[in-house]
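Just the heavy atoms: all of them, side chains too, but no hydrogens, waters or symmetry mates, feed the values below.
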Amino acid sequence: MAEIGALGGVKPVGQPPRQFFHVRAAETEQQLFFELENRQWDIPPLRILLENVLPEKQSFQDFEVDHVFSSIGHKILLLNARRIPDAGNREPLILLAFEDVTERRELEWHKDAFLAIASHELKTPITSLKAYAQLLRKNYTKAGDEKAAHMLVAMEKQANNLNHLISNLLDTTQLQARTLPSQATLFDVTELVHTIVENVQQTTLKHQIRIEGTVHEPFTGDPERIGQVLTNLLSNAIKYSPKAEHILVRLVADPDAVILSVQDFGMGISADKQAYLFERFYRVNDQIHTGIPGLGLGLYISSEIVRQHGGQMWVESREREGSTFFARFPRMPQPDVS
Ligand code: ADP
């Protein structure tokens with residue numbers, strides 16, 4: 001819902017959204033905006049925006065007001081404002097648009113809370129399914145039953161896939177709530193990259209993953225989260241290059257940053273879709289990419305992790321030739337160990 005009120009200087013002269021705010025004309029017209037309804041709108045950041053920023057910038061968008069109003073209770077409103085140039089000798093007008101997003105925000109919150117609980121609860125049974133499958137596989141291998149052992153490998157792989165999907169969902173809800181845990185320490189990036197590549201290599205028979213470059217100096221960051229970024233990029237490289245045989249991981253260090261990249265020789269991504277890849281739930285929906293499962297969360301989570309390290313992600317890609325995903329991590333000051 002959008003309701004529009006026009007305010008002269010800071011005095012309402014048009015039709016303020018009176019029905020929405022349950023106020024009468026006499027209570028609003030010719031009143032100073034910040035004095036309306038017992039000064040409920042006198043919120044310091046809004047005052048700064050209206051009085052200082054607006055005269056310079058002429059407009060602002062989506063300023064969020066989260067407030068308990070005496071007349072209508074708790075509301076989350078998005079405010080857009082625009083200065084309308086002075087017509088004649090009157091003071092300039094400010095056009096304020098209010099959008100009530102209370103219900104939308106509450107639904108988003110419930111959805112995220114549900115996803116967080118559901119994914120957390122799903123992780124325990126999957127972990128135990130995986131452990132039993134591993135145990136059975138070992139027993140069958142010992143007993144020489146190759147066929148059964150092979151089926152159990154497939155079962156473990158599916159349990160891993162499910163675990164990965166659920167972890168992505170959980171991370172997404174934590175990112176939304178800004179509670180994604182992260183721990184910065186000094187670590188050896190080259191060693192981390194080799195460990196992750198060895199692990200991921202075991203999940204593919206078709207692709208050979210090669211590593212180029214080393215970083216000699218220890219790096220400050222969260223090794224688990226940075227490993228997660230590399231795992232995501234490598235599993236995408238495998239998933240979206242089913243006919244290719246090589247994947248290349250590069251490590252480049254300069255005095256200011258470490259750049260990690262993963263190149264594949266697969267489907268690639270057309271130029272017009274590349275800008276959306278790091279958005280939540282975005283999946284390329286074209287002929288080349290059809291039939292490949294996923295949630296469209298891996299790149300979103302990865303780019304958020306890189307952002308939390310002060311860095312950026314980007315992609316270079318050509319359709320049907322392949323893609324290279326880059327993650328640049330600036331060198332941070334060393335953690336204070338005192
Ligand atoms: P998911 O793979 O689960 O869909 P991601 O967030 O990891 O989610 O990726 C988003 C989308 O970007 C994918 O759906 C896919 O269309 C495209 N994509 C990601 N990596 C590659 C790649 N290496 N090659 C081609 N397309 C890719």
With sequence neighbours excluded, what pairs up with Arg104 under the salt bridge (Lys or Arg N to Asp or Glu O under 4.0 Å) test?
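Expected list: Glu99.
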
Please say whether more than 12 non-hydrogen atoms of neighbouring residues, nucleotides or ligands are located less than 6.0 Å from [atom1] in [X].
X      : atom1 : value
Glu212 : CD    : yes
Glu319 : CD    : yes
Arg318 : CZ    : no
Glu279 : CD    : yes
Arg105 : CZ    : yes
Tyr282 : OH    : yes
Asn285 : CG    : no

Apart from Phe265 itself, what residues make up its hydrophobic cluster when side-chain heavy atoms of I, L, V, M, F, W and Y under 4.5 Å apart count as a link, directly or indirectly?
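Same cluster as Phe265: nobody, lone residue.
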
Check the pair Arg137 / Glu156 against salt bridge (charged side-chain N to carboxylate O under 4.0 Å, His left out), numbers first and verdict last.
CA-CA 9 Å; Arg137 173 170 57 87; Glu156 265 174 62; 2.6 Å; yes

Going by the side-chain contact (heavy atoms from CB on, under 4.5 Å) test, name the single residue among Asn52, Leu50, Leu46 that passes it with Ile48.
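Single side-chain contact (heavy atoms from CB on, under 4.5 Å) partner of Ile48 among Asn52, Leu50, Leu46: Asn52.
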
Atom pair CG (Leu192) and CG (Leu260), whose distance is rounded to the nearest 0.5 Å:
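CG of Leu260 is found 8.5 Å from CG of Leu192.
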
Quick one: pull up CD1 in Ile166 and CD1 in Ile126 and give me the separation to the nearest 0.5 Å.
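Between atom CD1 of Ile166 and atom CD1 of Ile126 there are 3.0 Å.
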
Mind telling me whether Phe69 and Trp41 have parallel, tilted or perpendicular rings, with 30° and 60° as the class edges?
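Answer is tilted, since the angle falls between 30° and 60°.
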
Look at the rings of His309 and Phe329 and say which category their plane angle falls in: under 30° parallel, 30 to 60° tilted, over 60° perpendicular.
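His309 vs Phe329 ring planes: perpendicular.
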
Quick one: are Val249 and Leu230 in side-chain contact, heavy atoms under 4.5 Å?
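Heavy-atom side-chain distance check passes, below 4.5 Å.
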
With a 4.5 Å limit on heavy-atom distance, are the side chains of Asp66 and His74 in contact?
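Yes, at least one pair of side-chain atoms sits under 4.5 Å.
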
Please check if the side chain of Thr214 supplies one atom and the backbone of His216 the other of a donor-acceptor pair under 3.5 Å.
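Judged by distance alone, no pair lies under 3.5 Å.
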
Hydrophobic cluster membership, Ile43 vs Phe60, 4.5 Å side-chain cutoff
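Yes, it is one cluster - the side chains of Ile43 and Phe60 are joined through contacts under 4.5 Å.
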
Taking side chain to side chain donor-acceptor pair (under 3.5 Å) as the definition, give me every residue that meets it alongside Tyr240, ordered by chain and number, with sequence neighbours left out.
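Tyr240 satisfies side chain to side chain donor-acceptor pair (under 3.5 Å) with Arg283 only.
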
Does Arg47 make a cation-pi contact with Phe34, if we ask for NZ or CZ under 6.0 Å from the ring centre and within 45° of the axis?
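The answer is yes; both the distance and angle limits are met.
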
Any chance the rings of Phe278 and Tyr300 have centres within less than 6.0 Å?
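Not under 6.0 Å, so no.
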
